[in-house]
There are 2 protein chains.
Amino acid sequence: MPAKNINTEMTQIDDYFKSAISVDCVILGFDANGLKVLVIKSQVDPFIGMWTLLGDLIHPSEHLHDAAKRVLNKHSGMGDAVYLEQVEAFGNADRHPLGRVITIAYYSLVKLSDYDSSTTENSTAVWKSIDELGKMGFDHNEILVACIQRLRRRVRERPIGFDLLPHKFTLTQLQSLYEAVLGEKLDKRNFRKKIISMNLLVDLKETQKEVAHRPAKLYKFDEEKYKKLESEGFSFEL
Amino acid sequence: MPAKNINTEMTQIDDYFKSAISVDCVILGFDANGLKVLVIKSQVDPFIGMWTLLGDLIHPSEHLHDAAKRVLNKHSGMGDAVYLEQVEAFGNADRHPLGRVITIAYYSLVKLSDYDSSTTENSTAVWKSIDELGKMGFDHNEILVACIQRLRRRVRERPIGFDLLPHKFTLTQLQSLYEAVLGEKLDKRNFRKKIISMNLLVDLKETQKEVAHRPAKLYKFDEEKYKKLESEGFSFEL
DNA sequence: CAAACTTAGTGTAAAAAACACACATTCTTA
DNA sequence: TAAGAATGTGTGTTTTTTACACTAAGTTTG
């Protein structure tokens, strides 16, 4: 625990225990219209009404990662079994109007198909497309950009794209997810060749229903197989 | 500034302003014997005598990056013009015996050839090979590993290896630096072919002196050219 | 001063990976 | 039953990566 103020020297030390630490989560989802972020309207003075990321101060003896999970769970209803990664600490001395608050940015990937706003009591958060956010409160635009850049790199080297898709998905959905994240068009045949050759997808022998065109085959990601291959030195590369 | 304790509610808020934030720097150097880290013997109770990274609490209104530079400068004598990158925040609630201290880890790359211990007044830090450190104080082994992993990735995508070499270097030195960082042997001809084909090295038309074998040509890294190429979309890849 | 030592410096061929590219198929709806 | 919409599939070309061994230039030693 911090020292008490018993003399001048101690008071100085105590000065160092006057910062707060928060986590801010870039909670990302994906649907036919692209990448979405869960945001909320700020209630903090100079930023009232602006969109902000979801975050909270870290409880006094809470681990960083647990704080991020708590925030995620409160607003998305899904805390565990969701991809969550720390990205960067943002700590400019003047970034928060209430005092010195350093924030640790995380991003997480959730399946929008599983999202159910009724399970998130009292959260007024909404999903917005990442390009319709405008100027956000605090330094949250900067945080968002840092997280998306990180995602862009990671999605090529780990099979985390699947965390944004429904359990059952088509190859076209998978491809358009990659296109949305990477911000570039990919060649259909080459994409399929590569992803199929990794042997990480299970053909569910089912097809889409209720689409006004030829229905596509459905696949799922084989988590167990990936873990096994990974432990043998295989590395996902797209 | 944090609220004063004027009522119970405020006291609770104040509780959140009782953490301290520090930076810890993994200051890396390179010589013929491989990668070195600048470390110091801990004076903090359960870790007394163990090696620890160089760090300090962040001053109340100091930017994160500035705090890292200050630490770097104090112990290495070179603050500016040194590669410095934030890696990760470490914040387990029990990681520091004095209270809740969250630390932001940075790593930096310095030219050992420029290091002059006399310019770092009152620093008792020493350079140790990264594999002769044993169990370090706090969670510093974990921090060190995270930083070296980051360096390993970065060194392939940015020309930062040069920050660890003298201004004038031979291709063999450059290669053995890469081998040390990546932890694998590289093929001499392929390495040279690749690095030369980027046109980022200037042949200084000089050779090594006082070596007991055929002297190698000396090169320097062309910083300006790299910046220019980078701004035109070129990206370093090794 | 010749022989031995040590590291520097150089090119080519084979294999693998990346890329470009177009049409027949299957379902729905009008 | 014809038109529309998205699915699914293979090959040849180019580029990149990899593997690999000997001569050159200096120093040291006998």
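Chain letters run A, B, ... following the sequence lines, proteins first, then strands; residues in each count from 1. None of the values given here were measured: they were computed from a predicted structure.
Between the CZ atom of A/F169 and the P atom of D/dT7 there is a distance of 14 Å, rounded to whole Å. Between the C1' atom of C/dT10 and the CZ atom of B/R214 lies a distance of 9 Å, rounded to the nearest Å. D/dT27 atom C1' lies 12 Å from atom CD of B/E210, rounded to whole Å. Residue A/Q175 contributes atom CD, which lies 11 Å from atom P of D/dG8 at whole-angstrom precision. Rounding to whole angstrom units, NE2 of residue A/H213 and P of C/dA30 are separated by 15 Å. C/dT7 atom C1' lies 10 Å from atom CZ of B/R192, rounded to whole Å. One atom, CG of B/L238, and another, P of D/dT18, lie 11 Å apart when rounded to the nearest Å. Rounded to whole Å, atom P of D/dT18 lies 14 Å from atom CZ of B/F191.
The shortest distance between side-chain heavy atoms of A/T103 and A/R95 falls below 4.5 Å.
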Under the side-chain contact (heavy atoms from CB on, under 4.5 Å) criterion, do B/R154 and B/Y83 qualify, and how do the steps go? CA-CA 12 Å; B/R154 279 284 187 270; B/Y83 186 80; 4.1 Å; yes
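The shortest distance between the side-chain N/O atoms of B/K188 and the OP1/OP2 oxygens of C/dT10 is not below 4.0 Å. For A/R189, no side-chain nitrogen or oxygen approaches OP1 or OP2 of C/dC21 to under 4.0 Å.
For B/A212, counting side-chain heavy atoms from C-beta on, the closest listed nucleotide (C/dC27, C/dA8, D/dT28) is D/dT28.
As judged by a 4.0 angstrom heavy-atom cut-off over every strand, A/T207 is placed among residues making no nucleic acid contact. Within 4.0 Å (heavy atoms only), B/K217 reaches sugar-phosphate atoms of the nucleic acid but no base atom.
Remark: the backbone N or O of A/L53 is paired with a side-chain donor or acceptor of A/H140 at under 3.5 angstrom. Panel note: side chain A/R150, backbone A/Y106; no donor-acceptor pair is recorded below 3.5 Å.
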Enumerate all atom pairs, one protein N or O and one N or O from nucleotides 11-13 of chain D, separated by less than 3.5 Å.
{"unit_1": "D/dT11", "atom_1": "O4", "unit_2": "A/K193", "atom_2": "NZ", "d": "3.1"}

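At a threshold of 4.0 Å, the pair A/E224-A/K228 does not count as salt-bridged, since none of the basic side-chain nitrogens sits closer than that to a carboxylate oxygen.
Once rounded to the nearest 0.5 Å, the distance linking CG of A/L204 with CZ of A/F169 reads 8.5 Å.
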